[in-house]
Number of protein chains: 2
Amino acid sequence: MTPEKTVARLSLYRRFLKLAKDEGTSNVYSHQLADMVRGTSAQVRRDLMALGCSGSPQKGYDVNELIKHIDEFFNTSEVVDVILVGIGNIGRALLSYFKSGKSHINIVASFDSDRQKVDRVINNSKCYYIEELSKFVSENNIKTAILCVPASEAQQTADVLMHSGIKGILNFAPVRLKLPANIFVEDVDITMNIEKLVYFSSGKRK
Amino acid sequence: MTPEKTVARLSLYRRFLKLAKDEGTSNVYSHQLADMVRGTSAQVRRDLMALGCSGSPQKGYDVNELIKHIDEFFNTSEVVDVILVGIGNIGRALLSYFKSGKSHINIVASFDSDRQKVDRVINNSKCYYIEELSKFVSENNIKTAILCVPASEAQQTADVLMHSGIKGILNFAPVRLKLPANIFVEDVDITMNIEKLVYFSSGKRK
DNA sequence: TTCACAATGTGATTTTTTTCACAAGACAAT
DNA sequence: ATTGTCTTGTGAAAAAAATCACATTGTGAA
C-alpha cells in the first residue's frame with residue numbers, strides 16, 4: 001500500500017531525524033527533511049501523510065513523534081536480525097560496517113563455505129560453516145539475509161536460503177537470482193551504478 | 001532523453017549479453033533478457049527500441065549487434081577511468097572487486113588521508129595522499145569518483161572532488177551530499193536497502 | 001498450400017511517482 | 001488591527017515508467 005519509494009525515504013528520514021534529535025532539535029520542517037534526502041518539501045509532506053503523521057504550520061513536525069511513527073511503520077523499534085552469507089571482501093566490509101550497533105540492523109551470524117573462516121568471530125558475529133545455515137535460520141527465525149558470495153555460487157546459495165525460510169535477500173552478486181515471487185530480492189549492483197553514473201555525469205542529459 | 005531506468009537496465013543487458021556471447025549464443029529473445037533482469041519482455045523491447053536496435057521475430061536480437069549498440073550508447077567500448085577515495089573496508093572491497101579487469105570500470109588510483117596507506121598498491125591501484133587528488137584528477141581528466149570515506153568526512157571530501165572537476169560521485173557514506181545540480185550523485189545506502197527489504201519481505205504487501 | 005505458432009514493434013492504456021498550487025492558520029511586526 | 005510571511009495538508013495535474021494488446025511476419029508442420 002505504501003509506495004516503494006516512500007518506504008525507502010522513510011528509512012532515510014528516520015536516520016536524519018535521529019541525528020537531529022541527538023543534536024537537540026525537537027522539530028523540523030518538511031523542507032529541512034527534503035534537503036537531507038535530495039527531495040522536495042511536497043514529497044516529504046506526502047510521505048509523512050502516507051505515514052499518518054501531521055505537523056503544524058508553526059512548528060513543523062515533532063522529531064520524536066516522527067521517529068516513533070517511523071519505528072512503528074517499520075515495526076522495528078527493536079533491532080532486526082540478519083545473517084550474512086559469504087565472507088569475502090564485501091562481506092567483511094559489511095560486517096565491519098554494521099558492527100557499530102548504531103543502526104537497526106544486527107548481523108547475528110555469518111556463513112561461509114571456507115572451513116578456514118569457520119568459528120572465527122569477525123566484528124561480533126561468529127562465522128559458521130555453510131551447512132549449518134538452514135538450522136540456524138529456522139531455529140532463530142531469521143527472515144533476511146545479505147548475500148555476498150561469488151557470482152558463480154549465488155544462485156545455489158540463494159536456493160538454500162529460500163529453503164531455509166529466508167524471505168528477503170540483499171544480493172551483492174552481479175547475477176539475477178531466480179526465486180519465487182514471494183521471496184523479496186534487492187540487488188546492489190555497483191557496476192551498474194557506476195555505468196549509470198558515468199552516463200549521466202557526462203552530459204548526456206539528466 | 002533515455003529514461004533513467006532504461007539506462008540502468010541497459011547496463012545489465014550488456015553484462016548478460018557478454019556472458020551469453022562467451023557461451024556461444026548468437027541471438028536472444030526479449031523474454032530471455034527479461035528473465036535476466038527481472039523484467040518483462042515488453043520492457044526489454046521498449047528499452048532496445050529506445051536504443052535504436054531491432055530484432056526479428058524469428059531470431060530475436062543479434063547478441064553482437066546488441067552489445068555493440070550498448071557499448072556505443074555508453075560511449076565506452078573502452079574502459080572508464082575512475083578514482084576511489086577512502087580506503088577503509090568498503091574501499092578495499094571495491095578495489096578488489098574491480099581489479100579483475102573484466103568490467104568496464106577501471107579504478108586508476110585511490111586516495112586516503114591516512115599517510116600509512118599512501119604509496120601502497122592495493123589491487124593494482126596505487127594509493128595517494130588525499131592532497132594529491134586535485135592534481136591527479138585534473139591531469140588525468142577523471143570525471144567519476146567512488147566515495148567511501150566515513151560519514152563525518154564525506155561532505156568536505158565531496159567538495160574537494162567537485163572543485164577538482166569530478167562530475168559524478170558514487171557515494172557510500174550514509175549522508176546526503178550537498179552539491180550543485182550539475183554534479184551527479186548516486187547513493188548506495190545499504191542500511192536503507194535492508195530496511196526496505198525487511199519491510200517488503202515481512203508480508204506488508206509488495 | 002494452409003494453418004498454427006512464436007516473437008517483434010509499437011500505439012494505447014494504466015499505474016506509479018512527482019510536482020504544482022493554493023486554502024488555511026498562526027505569528028511577528030507595524 | 002492589519003499585513004506580510006511561513007508552513008502544512010492536499011486536491012489536481014503532470015511526468016515517468018510499466019504493461020497491455022494486437023497487427024505483422026517468417027517458419028515449420030500437416
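In what follows, chains are A, B, ... by sequence order, proteins preceding strands, each numbered from 1. Because the structure is predicted, anything quoted here is derived from the model rather than measured.
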Output the rounded distance in Å from [atom1] ([X]) to [atom2] ([N]).
X     : N      : atom1 : atom2 : result
A/R9  : C/dT16 : CZ    : P     : 15 Å
A/M1  : C/dT16 : CE    : C1'   : 12 Å
A/Y29 : D/dT5  : OH    : P     : 17 Å
B/D62 : C/dT8  : CG    : C1'   : 15 Å
B/H31 : C/dG9  : NE2   : C1'   : 15 Å
B/R38 : D/dA18 : CZ    : C1'   : 17 Å
B/M49 : D/dT19 : CE    : C1'   : 13 Å
B/L48 : C/dA7  : CG    : P     : 15 Å

Worksheet item: Taking everything shown except A/K117 itself, do over 12 heavy atoms lie less than 6.0 Å from its NZ?
Response: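 It does: A/K117 NZ has more than 12 such atoms within range.
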Please state whether the phosphate of [N], meaning OP1 or OP2, lies under 4.0 angstrom from any side-chain nitrogen or oxygen of [X].
X     : N     : answer
B/S30 : C/dT8 : yes
A/S54 : D/dG9 : yes
A/Y61 : D/dG9 : yes

Worksheet item: Between A/F111 and A/F136, does the ring centre distance come in under 6.0 Å?
Response: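 For A/F111 and A/F136, the ring centres are under 6.0 Å apart.
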Worksheet entry | Pair assignment for D/dT27, Watson-Crick or G-U wobble, requiring both distances under 3.5 Å |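 WC or wobble partner is C/dA4.
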Worksheet item: Which pair of heavy atoms, one from A/L66 and one from A/C53, lies closest together, and at what distance?
Response: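 Reported closest heavy-atom pair: CD1-SG, 3.6 Å.
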Item to complete: Determine which pairs satisfy salt bridge (charged side-chain N to carboxylate O under 4.0 Å, His left out) with at least one residue from residues 169-183 of chain A, sequence neighbours left out, and list them in order.
Response: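 Every pair satisfying salt bridge (charged side-chain N to carboxylate O under 4.0 Å, His left out) with a residue in residues 169-183 of chain A: A/R176-A/D187, A/R176-A/D189.
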Worksheet item: Quick one: are B/I122 and B/I87 in side-chain contact, heavy atoms under 4.5 Å?
Response: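 They are in contact (side-chain heavy atoms under 4.5 Å apart), so the answer is yes.
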Discussion item. In the structure I gave you, are the side-chain heavy atoms of A/I146 and A/L94 within less than 4.5 Å of one another anywhere?
Written reply: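 A/I146 vs A/L94: side chains touch.
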Discussion item. Please check this pair: side chain of A/S164 against backbone of A/I166, looking for a donor-acceptor N/O pair closer than 3.5 Å.
Written reply: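 Side chain of A/S164 to backbone of A/I166, a donor-acceptor pair under 3.5 Å: no, none is there.
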Fill in: For B/E195, the option from A/R14, A/R9, A/R15 that meets salt bridge (Lys or Arg N to Asp or Glu O under 4.0 Å)
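Running salt bridge (Lys or Arg N to Asp or Glu O under 4.0 Å) over A/R14, A/R9, A/R15 with B/E195 returns exactly one hit, A/R14.
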Discussion item. Each nucleotide in nucleotides 19-30 of chain C should get exactly one letter: B, S or -. Can you fill that in based on protein heavy atoms under 4.0 Å?
Written reply: B-B---BS----
Discussion item. Does anything in residues 175-183 of chain B come within less than 4.0 Å of DNA chain C? Heavy atoms only, and list the residues if so.
Written reply: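 Per residue number, the list is empty: none.
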Practice prompt. Check the pair B/L161 / B/L179 against side chain to side chain contact (heavy atoms under 4.5 Å, CB included), numbers first and verdict last.
Written response: CA-CA 10 Å; B/L161 288 171; B/L179 294 170; over 6 Å; no
Item to complete: Look at the side chain of B/K5 and decide which nucleotide, out of C/dT17, C/dA7, D/dA18, has an atom nearest to it.
Response: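 Shortest atom-to-atom distance from the side chain points to D/dA18.
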